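Here's the structure we're looking at; comments come further down.
Every chain is numbered from 1 and lettered A, B, ... according to where its sequence line falls, protein lines coming before strand lines. Quick caveat: nothing in here was measured; it's all calculated off a predicted structure.
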There are 2 protein chains.
Amino acid sequence: MTRRTPRPRERGIPEATVARLPVYLRALQALNDQGTPTVSSEDLAATTGVNSAKLRKDLSHLGSYGTRGVGYDVDYLIYQVSRELGLTQDWSVAIIGIGNLGRALANYGGFGSRGFRIAALLDADSSIVGDKVAGLPVRHIEILEEVVGVEDVSIGVIATPAAAAQTVCDRLVGCGVTSVLNFAPVVLNVPAAVDVRKVDLSIELQILAFHEQRKSDGHGASEWFGMPGSLRDAGTSDLSG
Amino acid sequence: MTRRTPRPRERGIPEATVARLPVYLRALQALNDQGTPTVSSEDLAATTGVNSAKLRKDLSHLGSYGTRGVGYDVDYLIYQVSRELGLTQDWSVAIIGIGNLGRALANYGGFGSRGFRIAALLDADSSIVGDKVAGLPVRHIEILEEVVGVEDVSIGVIATPAAAAQTVCDRLVGCGVTSVLNFAPVVLNVPAAVDVRKVDLSIELQILAFHEQRKSDGHGASEWFGMPGSLRDAGTSDLSG
DNA sequence: CCCGCTTTGTGCTCACTTTCACAAGGGCGT
DNA sequence: ACGCCCTTGTGAAAGTGAGCACAAAGCGGG
């Protein structure tokens with residue numbers, strides 16, 4: 001079974017490209033806010049820190065929305081990228097675990113510039129259930145299944161302690177959630193049909209430490225040539241705001 | 001100038017491998033805590049959610065620390081991975097921007113299981129300067145340069161609003177910081193010698209939305225073959241704890 | 001001391017990404 | 001109406017990563 005995809009891709013966009021589209025989108029919105037009508041791949045690439053050829057190839061996966069000799073129409077491109085990312089519809093998000101991090105996430109302004117709606121805040125600690133966080137009441141995790149059903153939650157954000165993460169995840173998956181953003185430092189076990197992305201501070205720090213060590217490590221200079229660029233766009237997620 | 005690296009890699013470990021080492025390390029420490037003396041690549045791979053061949057290849061970059069027919073000595077491997085990641089020395093971390101997120105980060109227990117020390121908490125808001133967060137006093141961002149010098153900060157964590165991020169980053173870089181972890185939703189501009197990793201909630205959500213859309217999108221099934229697995233290990237960072 | 005079982009380390013192949021380089025195309029000035 | 005200049009879209013090459021499959025190598029039992 002499993003016919004190995006014969007053609008390069010069946011109307012699919014490369015994962016690497018998908019990860020960059022949100023970055024382009026943010027830059028485009030900034031351009032739009034300041035009234036810029038069109039932008040060239042060169043300029044947009046510069047502000048987003050990527051190679052212009054890569055940017056053009058990324059955008060070419062969405063279609064031919066540029067005008068040779070001119071560039072891209074900012075408005076139109078925003079629409080196309082948004083549509084491709086699925087931001088033309090609203091997604092309900094539930095945050096589970098309202099500790100320091102959960103609060104930070106709940107208060108995250110704009111929440112990805114429209115497209116996402118915080119549908120519920122859940123926690124196991126009865127002493128904070130009922131509190132208002134970012135204008136929303138914290139509800140008891142006991143009613144997770146009910147809330148997911150009623151609010152039609154499609155993305156679950158896990159901000160619980162590591163020990164509770166897998167259980168929470170199982171319950172989310174159990175009631176039909178197929179996208180999970182995990183902030184707990186554990187590897188979640190899920191069925192293949194469920195997408196999990198993880199955000200882990202300690203891993204990021206350790207990766208930085210590795211490179212930092214390399215810098216001082218051996219000596220002072222040399223060997224600095226072989227390693228082009230920085231990790232500029234190595235990281236993935238993004239929070240504050 | 002810039003001689004294009006002629007050989008594949010100069011005593012270097014692939015970036016993809018570096019990103020996974022912290023995951024292995026965490027699993028190894030869990031094994032160690034429960035008294036397991038040795039582990040096979042198969043088992044360790046299972047708990048970290050990777051292919052066992054990939055795990056072995058990753059570890060082989062550090063040297064030959066396994067024993068055929070037996071597996072890897074947990075203690076020894078923890079040491080080797082830690083050393084490779086530069087965790088055998090302590091790194092001073094400064095967190096700039098003590099809002100919801102900054103607080104969450106400061107309170108992040110264990111802080112990556114040793115190796116990292118929070119050296120300073122800085123904020124521009126005078127009304128919170130002097131407050132104690134996670135046992136540390138919040139200091140004014142005005143003295144950033146002084147603090148970085150005195151505390152020998154090597155990693156800066158930016159948790160400020162987007163508008164302040166670039167300025168803060170410039171100041172950090174200006175006083176010698178060469179590793180930055182950025183939580184603000186902006187692309188930071190830095191010299192090539194500086195490593196920046198970014199963590200961005202809205203980007204993660206947008207990536208999930210893209211895939212979520214794909215699931216419901218076209219229809220019910222089919223086209224599910226060409227796209228194997230999930231994004232299991234697509235994400236990068238990790239916070240809560 | 002030898003044999004067979006288990007698990008590592010790795011050569012090789014295939015897939016995915018990035019980047020270069022350039023032909024094709026569109027607008028604008030003359 | 002023509003031609004120049006600019007920018008896109010993309011073929012091809014090079015670099016990076018994933019995973020199979022297997023030979024090499026310890027360990028323990030007989």
Side-chain angles (χ1 to χ4, degrees), chain A residues 2-10 12-21 24 37-46 48-74 76-77 80 226-229 231-234 236, chain B residues 2-10 12-21 24 37-46 48-74 76-77 80 225-234 236:
Chain A
T2 66
R3 107 192 119 113
R4 297 278 280 294
T5 110
R7 273 157 297 173
R9 183 170 283 102
E10 197 152 334
I13 296 181
E15 219 13 70
T17 294
V18 172
R20 283 186 295 266
L21 289 179
Y24 303 151
T38 62
V39 66
S40 70
S41 64
E42 201 69 51
D43 290 350
L44 188 54
T48 53
V50 305
N51 177 299
S52 70
K54 177 155 52 176
L55 187 144
R56 287 197 298 279
K57 188 154 288 188
D58 282 344
L59 295 184
S60 76
H61 288 293
L62 315 191
S64 278
Y65 300 136
T67 305
R68 295 169 194 238
V70 179
Y72 300 88
D73 180 272
V74 173
Y76 189 50
L77 196 51
Q80 290 299 342
M227 179 167 198
L231 325 167
R232 203 81 40 82
D233 39 6
T236 314
Chain B
T2 65
R3 117 188 107 114
R4 296 280 281 295
T5 114
R7 276 157 296 175
R9 182 171 281 106
E10 198 151 335
I13 296 181
E15 210 32 54
T17 294
V18 173
R20 284 187 294 266
L21 288 179
Y24 302 153
T38 63
V39 65
S40 69
S41 64
E42 200 69 49
D43 290 349
L44 188 54
T48 53
V50 305
N51 177 297
S52 70
K54 177 156 53 175
L55 187 145
R56 287 197 297 279
K57 190 159 287 184
D58 282 343
L59 295 184
S60 76
H61 288 294
L62 314 190
S64 280
Y65 300 137
T67 305
R68 293 167 194 237
V70 178
Y72 299 88
D73 180 272
V74 174
Y76 189 50
L77 196 52
Q80 291 299 342
F225 310 106
M227 178 166 201
S230 63
L231 328 166
R232 203 81 37 82
D233 37 9
T236 315

Exercise. Looking at C/dT18, C/dG9, D/dG19, which one has an atom nearest to any side-chain atom of B/Ser64?
Worked result: C/dG9
Exercise. If you look at every heavy atom in A/Asp43 and A/Val39, which pair is closest and at what distance?
Worked result: CB-CG2, 3.8 Å
Exercise. Rounding to a whole Å, what distance do you find between B/Glu42:CD and D/dG19:C1'?
Worked result: 13 Å
Exercise. Which residue lies toward the 5' end of DNA chain C, A/Asp58 or B/Gly71, if each is placed at its nearest nucleotide?
Worked result: B/Gly71
Exercise. Is the distance from OP1 or OP2 of C/dT8 to the nearest side-chain N or O of B/Thr67 less than 4.0 Å?
Worked result: no
For this session: Output the single nucleotide from C/dG9, D/dT8, D/dC20 whose closest atom is nearest the side chain of B/Asn51.
Result: D/dC20
Seminar exercise, completed: Walking DNA chain C from its 5' end, the first of A/Thr17 and A/Val70 to be reached, judged by nearest nucleotide, is A/Thr17
Exercise. Just how far, in rounded Å, is P of D/dG26 from OH of B/Tyr65?
Worked result: 16 Å
For this session: Using atom OH of B/Tyr24 as one end and atom P of C/dT8 as the other, report the distance to the nearest whole Å.
Result: 13 Å
Exercise. When you measure from the side chain of B/Pro14, which nucleotide among D/dC27, D/dG17, C/dG26 comes out closest?
Worked result: D/dG17
Seminar exercise, completed: Looking only at C/dG11, C/dG9, D/dT8, the nucleotide nearest the B/Lys57 side chain is C/dG11
Problem set entry | Heavy-atom pair of closest approach, residues A/Ala45 and A/Ser52 | CB-CA, 3.5 Å
For this session: Look up atom OG1 in B/Thr67 and atom CG in B/Asp73, then write down how far apart they are to the nearest 0.5 Å.
Result: 7.5 Å
Seminar exercise, completed: Closest heavy-atom pair, B/His61 versus B/Lys57, reported as atoms and distance to 0.1 Å, is CD2-O, 3.0 Å
Problem set entry | Nearest-angstrom distance from the residue atom NE2 of A/His61 to P of D/dT8 | 16 Å
Problem set entry | Side-chain donor/acceptor of A/Arg68 to base of D/dT8, under 3.5 Å | yes
Exercise. Given D/dG26, is OP1 or OP2 found less than 4.0 Å from the side-chain N or O atoms of B/Tyr72?
Worked result: no
For this session: Write down the distance between NZ (A/Lys54) and P (D/dA12), rounded to a whole number of angstrom.
Result: 22 Å
Exercise. How long is the gap from OG1 on A/Thr38 to OH on A/Tyr72, to the nearest 0.5 Å?
Worked result: 12.0 Å
For this session: Specify the separation, in whole Å, of atom CG of A/Leu55 and atom P of C/dC20.
Result: 14 Å
Problem set entry | Rounded interatomic separation in angstrom, taking CZ from A/Arg20 and C1' from C/dT17 | 8 Å
For this session: Give one of base, sugar-phosphate or nothing for B/Ala53, where a contact means two heavy atoms less than 4.0 Å apart.
Result: base
Seminar exercise, completed: Which of D/dA18, D/dT8, C/dT8 is nearest the side chain of A/Arg56? It is D/dT8
Problem set entry | Atom-to-atom span, CD of A/Glu15 to P of C/dC16 - whole angstrom | 11 Å
